[in-house]
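Okay, so here's the structure we're looking at.
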Amino acid sequence: MKTMIFFSTIILFCKILIGQNLIENPSFEKILKHDNEGFDMKYCPGWNFSIINGIIGTSPDHEFANDTNDYPQSSQGAKSAHTGNCFAGMTTNEFLINRLSNRLEKDSFYRISFWICLAPKSDYYSRYIHYTFLFENSFVFKNEKNIYNKQFLFDSLINNMVQIKLNSGDCREWHLIKFYYVANGSEAGFMFGIRTNFHDGNTAICEKSRAKSKTKPSFLKQLYYYLDDFSIEKVEAPLVVGKPLIAKDILFETNKSDLDTNSFIYLKNIADYLMAKPKTVVVVSGYTDNSGSEQFNINLSLARAESVKKALIFYGVSPERISVNGYGSKNPVSNNNTPEGRAMNRRIELIMQDK
């Protein structure tokens with residue numbers, strides 16, 4: 001009986017860990033005090049900027065929306081928070097840093113997500129956002145007194161940041177960014193930022209700002225984002241040996257085999273997971289709805305499976321570990337009589353197998 005209780009406790013503990021947000025103060029609602037003169041994030045618990053002190057002159061802002069305490073409002077335009085009353089504001093070469101409540105577990109799969117919108121008065125947008133995980137030594141070097149050594153160590157962090165493509169410069173409403181990560185077991189923190197400038201080709205002007213930009217001085221260029229509700233959660237592994245996975249995040253254009261941009265983010269994480277499981281192979285199967293001729297559907301489903309295979313190879317998975325199939329409209333998972341059902345039938349399935 002005691003043994004049963006012990007194992008039940010372990011199972012319950014594991015379930016609690018899955019889905020637990022490791023980001024402290026994820027929506028920026030907790031604040032120790034406000035300086036009433038600016039938007040200083042240093043009083044926002046969980047968000048640690050000591051790493052960049054003395055290296056970067058600015059840091060993200062702590063913003064209030066619809067506030068009743070007469071705190072300063074953002075000069076970048078009024079905006080409701082995604083949740084609550086607070087959010088962060090960020091321009092180029094500024095970085096949010098959070099020390100995780102627990103280190104990540106080796107080979108475990110994590111979902112990282114946050115909400116973002118372009119500020120109302122922003123004339124420009126970034127084509128990319130960037131992130132990296134931090135290790136314990138990243139928090140140690142904050143005490144480094146030699147500014148040159150500190151700069152070198154910080155530059156190494158910046159150079160290791162991963163970029164994520166943003167689709168549009170007209171996202172003035174809150175929208176979700178989500179991606180996945182396979183941990184190596186030493187990650188103790190997370191750093192996020194917009195690592196770009198107005199000269200590297202990674203920024204673009206918003207269509208609505210194009211006309212006024214001709215008369216606006218260059219030093220008044222505005223690129224500013226609002227961010228809210230960060231989350232890093234351990235989730236179930238994407239691939240379990242012998243269990244088919246319907247990859248809902250792998251999308252294609254209608255009647256085409258070209259992958260949607262966001263599909264590459266998902267496939268990069270699938271590839272990372274496969275790389276961490278070198279003794280497995282993966283079978284990629286393509287399916288369509290029942291529109292059109294069956295031969296066309298079989299060819300299209302196979303071409304889509306091949307596109308997935310090419311992406312996985314690009315991200316480092318050996319070609320001999322990937323096999324592909326195209327089944328056309330066979331084995332539907334929903335009713336083809338409705339648009340929603342046909343959308344569910346147009347899918348990629350992945351199954352991981354032992355060699």
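The chain is numbered in sequence order, starting from 1.
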*Carefully, step by step, assess Leu259 and Leu251 under the rule side-chain contact (heavy atoms from CB on, under 4.5 Å).*
CA-CA 6 Å; Leu259 287 162; Leu251 304 173; over 6 Å; no
*Glu24/Trp47 under side-chain contact (heavy atoms from CB on, under 4.5 Å): CA gap, chis, key distance, verdict*: CA-CA 8 Å; Glu24 181 184 351; Trp47 298 96; over 6 Å; no
*Please lay out, stage by stage, how Val283 and Leu350 fare under the test side-chain contact (heavy atoms from CB on, under 4.5 Å).*
CA-CA 6 Å; Val283 179; Leu350 304 170; over 6 Å; no
*Apply side-chain contact (heavy atoms from CB on, under 4.5 Å) to the pair Ser122 and Arg172, showing each step before the final yes or no.*
CA-CA 9 Å; Ser122 188; Arg172 305 283 181 172; 4.0 Å; yes
*Mind running side-chain hydrogen bond (donor to acceptor under 3.5 Å, both in side chains) on Asn297 and Ser329 for me, showing each step along the way?*
CA-CA 7 Å; Asn297 288 335; Ser329 63; 4.7 Å; no
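Remark: the backbone N or O of Arg321 is not paired with any side-chain donor or acceptor of Ser318 at under 3.5 angstrom. Formation of a donor-acceptor pair under 3.5 Å by the Ser307 side chain with backbone atoms of Ser257 is found in this model. Put simply, the side chain of Asn345 gets close to the backbone of Ser334: a donor and an acceptor are under 3.5 Å apart. A donor-acceptor contact shorter than 3.5 Å is absent between the side chain of Arg347 and the backbone of Pro332. Side chain of Glu233 to backbone of Ser231: no donor-acceptor contact under 3.5 angstrom is found. Not one N or O on the side chain of Arg346 forms a donor-acceptor pair closer than 3.5 Å with the backbone of Tyr287. Within the 3.5 Å criterion, the main-chain N or O of Ile129 finds no donor-acceptor partner in the side chain of Ser126. Side-chain atoms of Asn335 never come within 3.5 Å of backbone atoms of Gly341 as a donor-acceptor pair (strictly under, hydrogens ignored). In this structure, Glu94 contributes its side chain and Ile194 its backbone to no donor-acceptor pair below 3.5 Å. With hydrogens and angles ignored, the 3.5 Å screen pairs no side-chain donor or acceptor of Trp174 with any backbone N or O of Leu227.
For Tyr273 and Phe109, the distance between ring centers is under 6.0 angstrom.
The two residues Ile158 and Arg195 make their nearest non-hydrogen contact at O-NH1, 2.9 Å. Looking at every heavy atom in both residues, Glu63 comes nearest to Ala88 through CG-C, 3.9 Å. When all heavy atoms are compared, the tightest approach of Cys44 to Lys30 is SG-O, 3.5 Å. Between Gly46 and Asn98, the shortest heavy-atom distance links the atoms O-ND2, 3.2 Å. The nearest pair of heavy atoms linking Asn202 to Tyr128 is OD1-CE1, 3.5 Å. The minimum heavy-atom distance between His175 and Cys171, with the atom names listed, is CE1-CB, 3.1 Å.
Checking Tyr226 against Asp61 by side-chain atom types alone, no donor-acceptor pair falls below 3.5 Å. Side-chain contact annotation: Gln353 with Thr280, donor-acceptor N/O pair under 3.5 Å absent. Side chains of Gln295 and Asn299: a donor on one and an acceptor on the other come within 3.5 Å. No side-chain donor from either of Ser27 and Asp228 sits under 3.5 Å from a side-chain acceptor of the other. For the residue pair Gln76 and Gln222, a side-chain donor N or O sits within less than 3.5 Å of a side-chain acceptor on the partner.
Contact of the Met352 side chain with the Leu274 side chain is registered, since non-hydrogen atoms from C-beta on lie closer than 4.5 Å. Within the 4.5 Å cutoff, the side chain of Leu118 has heavy atoms near those of the Cys206 side chain. Here the side chains of His62 and Cys86 are in contact, with some heavy-atom distance below 4.5 Å. Residues Lys268 and Phe179 fail the side-chain proximity criterion, which asks for heavy atoms closer than 4.5 Å. Looking at Leu300 and Phe252, their side chains never come closer than 4.5 Å, going by heavy atoms from C-beta outward. When side chains are defined from C-beta on, Ile246 does not count as touching Met344, because their heavy atoms never get closer than 4.5 Å. Between Tyr181 and Glu187, some side-chain heavy-atom pair lies under the 4.5 Å cut-off. Taking the side chain as every heavy atom from C-beta outward, Leu96 and Met41 approach each other to under 4.5 Å.
Remark: Lys248 NZ is loosely packed, at most 12 non-hydrogen atoms of other residues, nucleotides or ligands lying under 6.0 Å away.
Comment: Glu105 engages Lys234 in a salt bridge, judged by a side-chain N to carboxylate O separation of less than 4.0 angstrom. One finds a salt bridge joining Glu136 and Arg103 here, because a Lys/Arg side-chain nitrogen approaches an Asp/Glu carboxylate oxygen to under 4.0 Å. Taking 4.0 Å as the cut-off between side-chain N and carboxylate O, Lys79 and Glu173 count as a salt-bridged pair.
A chain of hydrophobic side-chain contacts below 4.5 Å, direct or via other Ile, Leu, Val, Met, Phe, Trp or Tyr residues, connects Ile322 to Phe314. Clustering ILVMFWY residues whenever any of their side-chain heavy atoms sit less than 4.5 angstrom apart, transitively, puts Val241 in the very cluster that holds Val317. In the hydrophobic clustering of ILVMFWY residues, with side-chain heavy atoms under 4.5 Å counting as a link, Leu267 and Ile313 come out together. Phe64 and Tyr224 fall into different hydrophobic clusters, where Ile, Leu, Val, Met, Phe, Trp and Tyr are joined by side-chain heavy atoms under 4.5 Å apart, directly or via other members. By the rule that hydrophobic residues join a cluster once side-chain heavy atoms approach within less than 4.5 Å of another member, Ile348 and Leu245 end up as members of one cluster.
The CD1 atom of Ile232 sits 5.0 Å away from atom CG of Leu100, with the distance rounded to the nearest 0.5 Å. Between the OG1 atom in Thr132 and the CZ atom in Phe190 there is a gap of 8.5 Å [rounded to 0.5 Å]. If you take CG on Asp260 and CG on Asp249, they are separated by 10.0 Å, rounding to the nearest 0.5 Å. Summarising the geometry, atom OH belonging to Tyr315 is positioned 12.5 Å from atom CD1 belonging to Ile270; distances are rounded to the nearest 0.5 Å. Remark: Leu239 CG to Ile351 CD1 distance equals 9.5 Å, nearest 0.5 Å. With rounding to the nearest 0.5 angstrom, the OG1 atom of Thr92 is 11.0 Å from the OH atom of Tyr225.
Checked options Tyr131, Phe114, Phe87, Trp115; the residue passing with Phe230 is Phe114 (criterion: ring-ring contact (aromatic ring centres under 6.0 Å, His included)).
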